[in-house]
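In what follows, every chain begins at residue 1, and chains take the letters A, B, ... in the order their sequences are listed.
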Amino acid sequence: MDQRNEEFGDKASWGEPSDEALLGGIRRGSRAALGLLYDRYATTAFTLALAILRDRGLAEDVVHDAFLRVWIQAGTYDSSRGSVRAWLLTIVRNRALDIVRRSRHAESFEVPDLQRSLGDPEAQVLASDLQVRVRNALWSLSDKHREVLILAYFRGLTHREISARLEMPLGSVKSRIREAVRALRRVLLED
Amino acid sequence: MEHPDVELLAVGALSPEETGRVERHLATCEVCRERFRLSLDAVTLLPEALTPISPPEEIRSRILRDLARISWRARLSWAGLGAACLAILGLLGWSTVSLWQLRREVAAVQESLALHRQLIVTLWSQSARVVPLLPVNMRTPQVKGMVVVRPLDGQTELVILVTGLRPPAQRAVYQAWLQQGARRRSVGILQIDAAGIGLLRYRLETDVKAYEGLGITFEPDGPAPMPRGTRILNARF
């Protein structure tokens, strides 16, 4: 068995240790396991924090804090509520949005800027397979569905705040969010 | 019956009250729990659509260094201190626990000694400069300290020494911050011994003149990305 899998008790795979095996290692106090989880997700975590905060220093602090929280709170992870990846990125998102809400930082950061950051589907030469899949899924949504999704996920707005901001009935906002998430789920996880 | 707001919870678009309502439903509905799990997994793939940007390499070493300063008590409190203690005692027996505690204590003493040794070396250095850390609140005049600053291998070494601190309980920590205008940069968590002496060593990649000062805050909820707790000490560079 691969030495790292043996160390983290992952008997299901002969390749890289799974995220769950790394989290098990972290629960047992393995700094190496946290290092491997960091190597796997630091770039995604930093990219997400930077997209929300638009400040490298603050994004670095959020990533630092998020991985310390993973270390402290590893025992609270519940696999029935999502993958390790989803749990970690939710910590990152929440920490970044806390800073935005406290300081009104990135208030001027508008959705069109983020839409551009989310990539032109025509220019995907250097993108990874996963990046292409997620971008295609995102850009397969209508502009209105994509907009509510971005406002909710990257700006941390509630459906009521989105409704006020877009001057759109509450019911329409909720339907669009629901439809957008279901479409993502279908395209990214079920197809 | 399926709850209509599960997708909104996954994307974080509900108010705290609405979140509570859906969470209570999830606790009793397996179908919605699975829907939530899949929705959250799908939504948290969204950052993959962004052009990836790697964090600076120093973040990794900062995290691994700060792990050593997080007490096991803080980790266990999250997992349920009582349940964890019972499980450990049941599985390993008293003797193993004692040995484990002893090893942790020896490691902590060794780390503390290394820091003290480093402090002496730094203080003896010709190029070292001592900046006083002064209490912000006059009701705690017993809390005081200093920051020893010295150039080292093209970088700047900071050694922070504080006395008169109460050892923090549970998740609470004393955290140090460099100040640059309105920005705060976390320097790390002070390691506090039983006598209330706190020590922290930090390697800065730039000259300390890039910063106006250094502050120490008491963070009751554990390490924070931005200061949230009470500022107790301040030093001006």
(message) Distance to the ring centre below 6.0 angstrom and angle to the axis at most 45 degrees; does that hold for B:Arg185 and B:Trp177?
(response)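 Geometry flag: not set, cation outside 6.0 Å or 45°.
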
(request) Say whether, by atom type as modelled, one donor and one acceptor occur between the side chain of A:Arg135 and the main chain of B:Ala49 under 3.5 angstrom. (result)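 Confirmed, A:Arg135 side chain pairs with B:Ala49 backbone.
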
(message) Tell me every residue that passes salt bridge (charged side-chain N to carboxylate O under 4.0 Å, His left out) with B:Glu18, counting only those two or more places apart in sequence or in another chain.
(response)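 Expected list: A:Arg160.
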
(request) Any side chain to side chain donor-acceptor pair (under 3.5 Å) involving residues 226-237 of chain B? Give me the pairs, sequence neighbours left out, ordered by first then second residue. (result)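 The answer is B:Gln179-B:Asn234, B:Gln179-B:Arg236, B:Arg231-B:Asn234.
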
(request) Let me know if B:Glu23 has heavy atoms under 4.5 Å from chain A in its side chain, its backbone, both or neither. (result)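 Side chain of B:Glu23 only, per the 4.5 Å heavy-atom cut-off to chain A.
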
(message) Is B:Arg183 close to chain A through its backbone or its side chain, or both, or neither, when contacts mean heavy atoms under 4.5 Å?
(response)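 For B:Arg183, the side chain is the part near chain A, not the backbone.
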
Which atoms of [X] are under 4.5 Å from chain B, going by heavy atoms: the side chain, the backbone, both sets, or neither?
X       : result
A:Arg95 : side chain
A:Asp65 : side chain
A:Arg93 : side chain
A:Tyr38 : side chain

Using a cut-off of under 4.5 Å for heavy-atom pairs, which of [options] has the most such pairs with chain B?
options                      : result
A:Gly57, A:Ala42, A:Gly82    : A:Gly82
A:Val62, A:Val63, A:Asp39    : A:Asp39
A:Leu157, A:Leu130, A:Val173 : A:Leu130
A:Asp98, A:Ile177, A:Thr43   : A:Thr43
A:Arg182, A:His64, A:Arg133  : A:His64

[X]/[Y] ion pair, N-O < 4.0 Å:
X        : Y        : result
B:Arg37  : B:Glu34  : yes
A:Lys174 : B:Glu7   : no
A:Arg146 : A:Asp143 : yes
B:Asp66  : B:Arg62  : no

Among the listed options [options], the residue most often paired with chain A at heavy-atom distances under 4.5 Å:
options                             : answer
B:Val11, B:Leu14, B:Leu26           : B:Val11
B:Ala13, B:Pro56, B:Ala42, B:Ser39  : B:Ala13
B:Gly12, B:Ser186, B:Pro52, B:Ser15 : B:Pro52

(message) Please tell me whether A:Ser79 and A:Glu20 have a donor and an acceptor in their side chains that are separated by less than 3.5 angstrom.
(response)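 Checked: A:Ser79/A:Glu20 side chains show no N/O donor-acceptor pair below 3.5 Å.
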
